[in-house]
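Here is how names work: the chains are called A, B, and so on, in the same order as the sequence lines, proteins then strands, and each is numbered from 1.
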2 protein chains.
Amino acid sequence: MDKRRITLKDIAKALNLSPSTVSRAMKNHPAISLETRDLVQKYAEEHKYKPNPMAMRLRMNRNNVIGVIVPEIVHYFFSTVLAGIQEEAERQNYNILICHSNENYDREVKSIEMLLDAGVDGILVSQSKSTVKYDHFQEIIDNGIHLVFFDRICTGINTDKVVVDDYVGAFHAVNYLIETGCNRIVFLGANPHLPISTNRKMGYEDALRNHRLPLENEFIAVCDTPDLVQEVVPRMLSRQPVPDAFFCINDEVAAYCLQLIKSAGFRVPDDISICGFTNSYITEVTSPTLTSVDQHGFEMGKESARLLINRISGLETKSGVVSRVIKTDLVVRESTR
Amino acid sequence: MDKRRITLKDIAKALNLSPSTVSRAMKNHPAISLETRDLVQKYAEEHKYKPNPMAMRLRMNRNNVIGVIVPEIVHYFFSTVLAGIQEEAERQNYNILICHSNENYDREVKSIEMLLDAGVDGILVSQSKSTVKYDHFQEIIDNGIHLVFFDRICTGINTDKVVVDDYVGAFHAVNYLIETGCNRIVFLGANPHLPISTNRKMGYEDALRNHRLPLENEFIAVCDTPDLVQEVVPRMLSRQPVPDAFFCINDEVAAYCLQLIKSAGFRVPDDISICGFTNSYITEVTSPTLTSVDQHGFEMGKESARLLINRISGLETKSGVVSRVIKTDLVVRESTR
DNA sequence: TTGTTTTATGCAATCGTTTGCATAAAAAAT
DNA sequence: ATTTTTTATGCAAACGATTGCATAAAACAA
């Protein structure tokens, strides 16, 4: 074992050829005679020649690696996106380097430094909740590295992005809630500087307006973690009249919300409907099961990777910003009427 | 923008020095005068010199990359392990390349090829359920690349591994079930060629034996997916007397099991107790919440990465197989009495 | 002054590929 | 037989960094 991998030079020496000839023979260069070509390729095959990736990358100044930064890895939506990125990257012979910011600005900055140091050809980012400065993103662009945002895009930087149709997704979901008889609908959102949150809020508000329902500020709250649910939801439930629906920023919030509402003595969906966002696997294991908006994370991952790789390879030539939108689908389950 | 990164040669030219001097100055080589050293370092700092990673890797024949193959990415346990691997790798300045086999042998083989082609320094594998041939693993070793298995280890290959204490975890869990009054306990396991399954089964059996309870083959089944739950669990419930506990191979199975049992009219835990394995976040959102065995995936990831990197760097010198065991913890929730 | 040691620097090879250009040999045209 | 064209191959530089060895310049000793 530990037999060192054979190199081009080794083949050249063994066959009494020059490395250049061997190199060309391997890539079917027309100037090489069929005879030599076959000889070289047969030898290479037999000795399991594999080009040295490091040498290749140095020569080509192309790493065939893209970096990905997600807020968290252990997270249904993001891991789904990662799977999509992986699939597309693999198809196009790229490898991916994955970092997670843990929703932390400093880690995000460090991750970007790491990826740049590693020599990635491009970076995909879904920004952390706590990020409000954007120099580190600009740094990527200044280094001549392509940058594509996905889902949690950064409005402060002008670059390609792939987003979910948050507005329409929210609009449809809230519409559905209204049409099934709800009219005091709570929106549990996230930090307002994240477009995913404000866009959904707009969808929510427009759906209400469309049905001439009042917009009440008391029905809107930042509540995107289990902890916040414990704090916010009881407050909502103590209002008179009690809300009759909760539209939540993600499935986890919806699930905890559901628990709390049930243990407060309300029936779901008879008294209160609940709708989540993402359509993760927890929607199937709660009782009642959760209605949710499917974000098609896998598609988003594939699309983001495709866009980035097209930029790298020069296939995507648009000089301005390319913006892709992934459709959503409302998946109705038992937590809504 | 797109200012090409500055190189050693650039610095050399600008300062009228040779590349070798600059290289040495950067690494504080003693043979370089303080004057020159400071001059170079200052210039490098100002012009944000970053060594070219490809050149470095070629020279050093060290990629500082480890490959990871998991059966699935969108999976609580595996994504937790990945997070652990990431943390340790980052700490030691390694990058990770992630592949998923999708529980498919062919993809596993291809993933390994890809990783070898990418020039990784080592590989971490949790094998797919369908893998029964091991040549591709041997191939890794034959190429002189370090290999560490984690969780789903491969008994056919003699190499380092990190596992969870499946036997003890199962033993304690079943013990707990018995001590809380259950004595007709079903074991829903996985494919018997996976040690994680057989080890847990042994723990299950020994716990029963310890309490002089009968081992019944009818209470043991391969049932590790939601689909199989639909098929297997009704069969179990139709037996007389009805089982009074289900010990499941993972939380997903436990959650679907719970649903089915509830809708069959049994009360959980009063009539039937349920215990899962992994302690994923779905344990908190079912009702009742799920008792489960925590596998400490993050720890396992860190430990696996640490072991692999120590092998690569030569820090771990043991000539035989190194085997690490991660402890488990039973987390009691509402689905058991 | 000459010889020896110390100090600081540069040369050139190396890692494994790729590629522009030169060139030898063979084939075709004159 | 000579020139031109074609065909097949090799040389050498390049990618960006590292490192053994040689060496120029300075410092010291005799």
Side-chain angles (χ1 to χ4, degrees), chain A residues 2-41 43-44 47-65 93 116-121 143-145, chain B residues 3-41 43-44 47-65 93 116-121 143-144:
Chain A
D2 209 86
K3 44 180 171 188
R4 285 186 58 51
R5 262 164 146 196
I6 193 176
T7 76
L8 263 193
K9 282 184 189 170
D10 295 333
I11 302 185
K13 202 166 297 170
L15 263 39
N16 246 318
L17 292 167
S18 75
S20 26
T21 305
V22 176
S23 171
R24 287 191 258 256
M26 289 302 295
K27 348 190 61 106
N28 300 326
H29 193 285
I32 299 297
S33 68
L34 287 193
E35 211 179 4
T36 313
R37 200 193 69 178
D38 293 346
L39 182 72
V40 168
Q41 295 193 353
Y43 188 94
H47 293 71
K48 304 197 184 188
Y49 166 72
K50 291 276 181 64
N52 178 313
M54 290 101 144
M56 209 90 129
R57 298 201 256 258
L58 173 57
R59 186 79 233 286
M60 296 299 140
N61 194 32
R62 176 75 82 71
N63 226 334
N64 272 47
V65 172
N93 243 299
L116 291 178
D117 283 0
V120 296
D121 304 315
N143 270 32
I145 304 294
Chain B
K3 45 179 172 188
R4 287 185 57 50
R5 261 166 149 194
I6 192 178
T7 76
L8 262 194
K9 282 184 189 170
D10 295 333
I11 301 184
K13 202 166 296 169
L15 263 39
N16 246 319
L17 291 168
S18 75
S20 26
T21 305
V22 176
S23 171
R24 287 190 259 255
M26 288 303 295
K27 338 189 70 98
N28 300 325
H29 192 285
I32 301 296
S33 69
L34 286 193
E35 212 179 0
T36 312
R37 201 193 67 179
D38 294 345
L39 182 71
V40 168
Q41 295 193 351
Y43 189 93
H47 293 72
K48 304 197 184 190
Y49 166 72
K50 292 274 180 67
N52 179 312
M54 290 102 142
M56 211 88 129
R57 297 201 255 258
L58 173 58
R59 186 84 232 286
M60 296 300 144
N61 195 31
R62 175 73 83 71
N63 226 335
N64 271 47
V65 172
N93 243 300
L116 290 178
D117 282 0
V120 297
D121 303 316
N143 270 34

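- Atom-to-atom, CZ of Arg5(A) to P of dG16(C) comes out at 11 Å; the value is rounded to the nearest Å.
- Listed nucleotides: dG16(C), dA12(C), dA12(D). Nearest to the side chain of Ser20(A): dA12(D).
- For dC15(C), one of the phosphate oxygens OP1 or OP2 lies less than 4.0 angstrom from a side-chain nitrogen or oxygen of Lys9(A).
- Checking the phosphate oxygens (OP1, OP2) of dA17(D), no side-chain nitrogen or oxygen of Lys27(B) falls inside 4.0 Å.
- Residue Ser33(B) places at least one side-chain N or O under 4.0 Å from the OP1 or OP2 atom of dT9(C).
- Listed by chain and number, the residues in a ring-ring contact (aromatic ring centres under 6.0 Å, His included) with Tyr43(A) are His47(A) (sequence neighbours excluded).
- Taking the side chain of Ala31(A) as heavy atoms from C-beta on, and the options dA17(D), dT17(C), dT9(D), the nearest nucleotide is dT9(D).
- Axis angle between the ends of the helix from dT1(C)-dA30(D) to dA29(C)-dT2(D), five pairs each and rounded to 10 degrees, works out to 70°.
- Annotation: side chain of Arg37(B) is in contact with side chain of Asn28(B) (closest heavy-atom distance under 4.5 Å).
- In terms of modelled atom types and a separation under 3.5 Å, the side chain of Asn52(A) and the main chain of Thr7(A) share no donor-acceptor contact.
- Looking only at distances, no side-chain donor or acceptor of Asn63(A) sits under 3.5 Å from a matching main-chain atom of Asp121(A).
- Protein atom CG of Asn63(A) is 17 Å distant from nucleotide atom P of dC15(D), rounded to whole Å.
- Comparing dT17(C), dT9(C), dT9(D) against the side chain of Met56(A) picks out dT17(C) as the nearest.
- Distance CG (Asn61(A)) to C1' (dT18(C)): 13 Å, rounded to an integer number of Å.
- Rounded to a whole Å, the CG atom of Asn52(A) is 11 Å from the P atom of dC15(C).
- Smallest separation of non-hydrogen atoms from Pro53(A) and Arg5(A): CD-NH1, 3.7 Å.
- Tested against Thr36(B) for a side-chain contact (heavy atoms from CB on, under 4.5 Å), the candidates Leu17(B), Leu15(B), Val22(B) yield a single pass: Leu17(B).
- A 4.5 Å side-chain heavy-atom check between Met26(B) and Val40(B) finds at least one atom pair inside the cut-off.
- Atom CZ of Arg62(B) sits about 9.5 Å away from atom CE of Met54(A), to the nearest 0.5 Å.
- Here dG10(C) is the nucleotide among dA17(D), dG10(C), dA8(C) with the atom lying nearest to any side-chain atom of Thr21(B).
- Toward the 5′ end of DNA chain C lies the nearest nucleotide of Glu35(B), the other residue of the pair Leu58(B) and Glu35(B) mapping further downstream.
- The interatomic distance linking His29(B) (NE2) with dT7(C) (P) rounds to 14 Å, in whole Å.
- Side-chain N/O atoms of Thr7(B) include none lying less than 4.0 angstrom from OP1 or OP2 on dG16(D).
- Of the candidates dG16(D), dT17(C), dT9(D), dT17(C) carries the atom nearest the Pro51(A) side chain, counting heavy atoms from C-beta on.
- When the C1' atom of dG16(D) is taken as reference, atom CZ of Arg62(A) falls 18 Å away, rounded to whole Å.
- dC11(C) atom P lies 11 Å from atom CG of Leu17(B), rounded to whole Å.
- Look at NZ on Lys13(A): it is 10 Å from P on dG16(C), rounded to the nearest Å.
- Within the nucleic acid shown, Asn16(A) comes within 4.0 Å of sugar-phosphate atoms alone, with no base atom in reach, counting heavy atoms only.
- Residue contacts for Met60(A): at a heavy-atom cut-off of 4.0 Å it reaches the sugar-phosphate backbone alone, with no base atom in range.
- Minimum atom distance to the side chain of Arg24(B) is reached by dC11(C), of the listed dC11(C), dG10(D), dG16(C).
- Residue Ser23(B) has its side chain nearest to dT18(D) when only dG16(D), dT18(D), dC15(D) are considered.
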